[in-house]
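To start, the structure itself, in structure tokens.
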Amino acid sequence: MSLVKLTIKGISYSQTQNGAYALILNEVDGERKLPIVIGAFEAQSIAIALEKEIKPPRPLTHDLFKNFADRFDIVVKQVIIHKLVDGVFYSSIICERDKIEEIIDARTSDAIALALRFNAPIFTYKNILEKAGIYLKSNPLDVTIKDDQNADGILSSPETFGNEESNQAGDVYVKHSLSELMELLEGAVQDEDYEKAAKIRDEISKREA
């Protein structure tokens with residue numbers, strides 16, 4: 001299976017889940033976007049890594065991992081989003097030490113937070129992008145951090161994990177027909193509600209599986 005390179009397009013706040021955010025990944029040589037619902041802590045960590053000028057007073061967990069890896073000459077070579085099951089993305093971190101390569105399982109949000117710190121590329125497989133990618137006509141909200149914000153307070157709501165709560169939210173779309181879901185997806189995209197679009201997309205993927 002061929003790999004598709006992704007870049008981070010932006011982060012938008014979830015309209016339905018308190019403390020959750022939608023991370024938008026963009027294919028490098030195409031127009032498809034891959035929305036992934038992540039927790040607040042990971043959104044905070046990714047936002048800080050994107051904003052190079054922001055330096056937290058104490059290292060965040062992903063910064064600590066980077067410092068630890070640097071001390072022991074461990075390099076993150078790339079991150080691969082390799083599986084999508086029931087709306088949950090699974091990722092692998094490809095590491096190298098002393099020319100020995102290791103593959104480590106990780107949550108996608110953690111893997112991306114680390115990829116940013118190591119300047120490592122992010123990939124997914126073509127079939128995952130074909131299944132879960134959507135076309136967005138407009139850009140998502142870019143990550144912006146005001147000058148007067150303390151780094152410890154950025155996106156600091158409690159993390160929401162995407163199992164029970166997100167599954168309950170997804171049940172809202174079960175009764176809709178496939179054509180209705182397509183219309184809802186288009187409306188969510190136009191409204192820039194990327195977290196809602198991701199849930200509708202997951203329901204469509206279940207129907208087409």
Side-chain angles (χ1 to χ4, degrees), residues 1-12 14 20-39 42-43 45-46 49-50 62 65-66 69 74-97 99-137 139-140 143 161-163 166-167 169-170 173 178 181-182 185-186 188-189 194-209:
M1 290 183 289
S2 59
L3 289 172
V4 179
K5 190 174 182 179
L6 303 170
T7 58
I8 296 176
K9 193 67 175 177
I11 301 174
S12 63
S14 169
Y21 293 78
L23 172 67
I24 313 299
L25 301 177
N26 185 74
E27 67 174 322
V28 171
D29 296 320
E31 299 180 357
R32 286 174 295 186
K33 273 71 176 175
L34 198 63
I36 300 175
V37 179
I38 64 175
E42 288 74 19
S45 183
I46 290 170
L50 289 170
H62 299 107
F65 184 96
K66 174 66 163 59
I74 299 170
V75 178
V76 172
K77 305 293 290 185
Q78 62 183 6
V79 163
I80 300 176
I81 304 171
H82 63 84
K83 185 167 64 172
L84 172 62
V85 179
D86 295 331
V88 178
F89 292 91
Y90 294 79
S91 295
S92 295
I93 301 173
I94 314 301
C95 302
E96 185 179 274
R97 181 174 183 267
K99 297 183 179 180
I100 299 175
E101 190 174 274
E102 298 286 349
I103 300 176
I104 300 174
D105 181 47
R107 293 189 305 168
T108 298
S109 54
D110 289 326
I112 291 173
L114 290 173
L116 285 171
R117 285 161 170 80
F118 283 90
N119 294 317
I122 303 166
F123 296 95
T124 191
Y125 288 110
K126 184 178 179 181
N127 65 324
I128 292 178
L129 195 57
E130 289 174 348
K131 181 179 180 181
I134 59 178
Y135 289 92
L136 304 183
K137 296 179 182 178
N139 291 334
V143 176
F161 293 93
N163 293 327
S166 62
N167 289 339
Y173 305 109
L178 189 58
L181 289 173
M182 292 296 187
L185 177 61
E186 184 176 353
V189 168
Y194 304 109
E195 189 258 350
K196 180 179 179 181
K199 286 186 172 61
I200 298 172
R201 175 209 61 200
D202 292 340
E203 180 62 30
I204 292 173
S205 296
K206 291 178 185 177
R207 305 278 184 93
E208 295 178 342

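For clarity, every value in this text was computed on a predicted model and none was experimentally measured.
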Original post:
Do you know which two heavy atoms are closest between Ile74 and Arg97, and how far apart they sit?
Top reply: CG1-CD, 3.6 Å
**OP:** Could you check Leu34 against Leu6 for side chain to side chain contact (heavy atoms under 4.5 Å, CB included), going step by step and ending with a plain yes or no?
**Re:** CA-CA 9 Å; Leu34 198 63; Leu6 303 170; 4.2 Å; yes
**OP:** Compare all side-chain heavy atoms of Leu3 with those of Lys5 and state whether any distance is below 4.5 angstrom.
**Re:** no
**OP:** Can you measure from CD1 (Ile11) to CD1 (Ile38) and round to the nearest 0.5 angstrom?
**Re:** 5.0 Å
Subject >> Verdict with reasoning, Leu25 to Thr7, per side chain to side chain contact (heavy atoms under 4.5 Å, CB included) >> reply: CA-CA 6 Å; Leu25 301 177; Thr7 58; over 6 Å; no
Original post:
Can we say Glu27 and Lys33 salt-bridge, meaning some charged N sits less than 4.0 Å from an Asp/Glu carboxylate O?
Top reply: no
Subject >> Minimum heavy-atom distance between Phe89 and Ala132, given as atom pair plus value >> reply: CZ-CB, 4.0 Å
Original post:
Tyr90 versus Leu84: any side-chain heavy-atom pair under 4.5 Å?
Top reply: no
Original post:
Taking C-beta and beyond as the side chain, do Ile104 and Cys95 meet within less than 4.5 Å on heavy atoms?
Top reply: yes
Please tabulate, for side-chain N and O atoms in residues 111-126, each donor-acceptor pair with protein atoms closer than 3.5 Å (sequence neighbours left out).
{"from": "Arg117", "atom 1": "NE", "to": "Asp63", "atom 2": "OD1", "distance (Å)": "2.6"}
{"from": "Arg117", "atom 1": "NH1", "to": "Ser45", "atom 2": "O", "distance (Å)": "3.4"}
{"from": "Arg117", "atom 1": "NH1", "to": "Ser45", "atom 2": "OG", "distance (Å)": "3.3"}
{"from": "Arg117", "atom 1": "NH1", "to": "Ala113", "atom 2": "O", "distance (Å)": "2.9"}
{"from": "Arg117", "atom 1": "NH2", "to": "Ser45", "atom 2": "O", "distance (Å)": "3.1"}
{"from": "Arg117", "atom 1": "NH2", "to": "Ser45", "atom 2": "OG", "distance (Å)": "3.0"}
{"from": "Arg117", "atom 1": "NH2", "to": "Asp63", "atom 2": "OD1", "distance (Å)": "3.4"}
{"from": "Thr124", "atom 1": "OG1", "to": "Ile81", "atom 2": "O", "distance (Å)": "2.9"}

Subject >> Ile46/Leu23 under side chain to side chain contact (heavy atoms under 4.5 Å, CB included): CA gap, chis, key distance, verdict >> reply: CA-CA 9 Å; Ile46 290 170; Leu23 172 67; 4.0 Å; yes
Original post:
Which residues pass the side-chain contact (heavy atoms from CB on, under 4.5 Å) test with Val75, sequence neighbours left out?
Top reply: Lys77
Subject >> Nearest-0.5 Å distance, CG of residue Asn26 to NZ of residue Lys9 >> reply: 5.5 Å
Original post:
For the side chain of Ser91 and the backbone of Arg107, is there at least one donor-acceptor N/O pair under 3.5 Å apart?
Top reply: no
**OP:** Evaluate the side-chain proximity of Ser109 to Ile36: yes if any heavy-atom separation is below 4.5 Å, no if none is.
**Re:** no
Subject >> Intermediate values then yes/no, side chain to side chain contact (heavy atoms under 4.5 Å, CB included), Glu101 and Ile94 >> reply: CA-CA 7 Å; Glu101 190 174 274; Ile94 314 301; 3.5 Å; yes
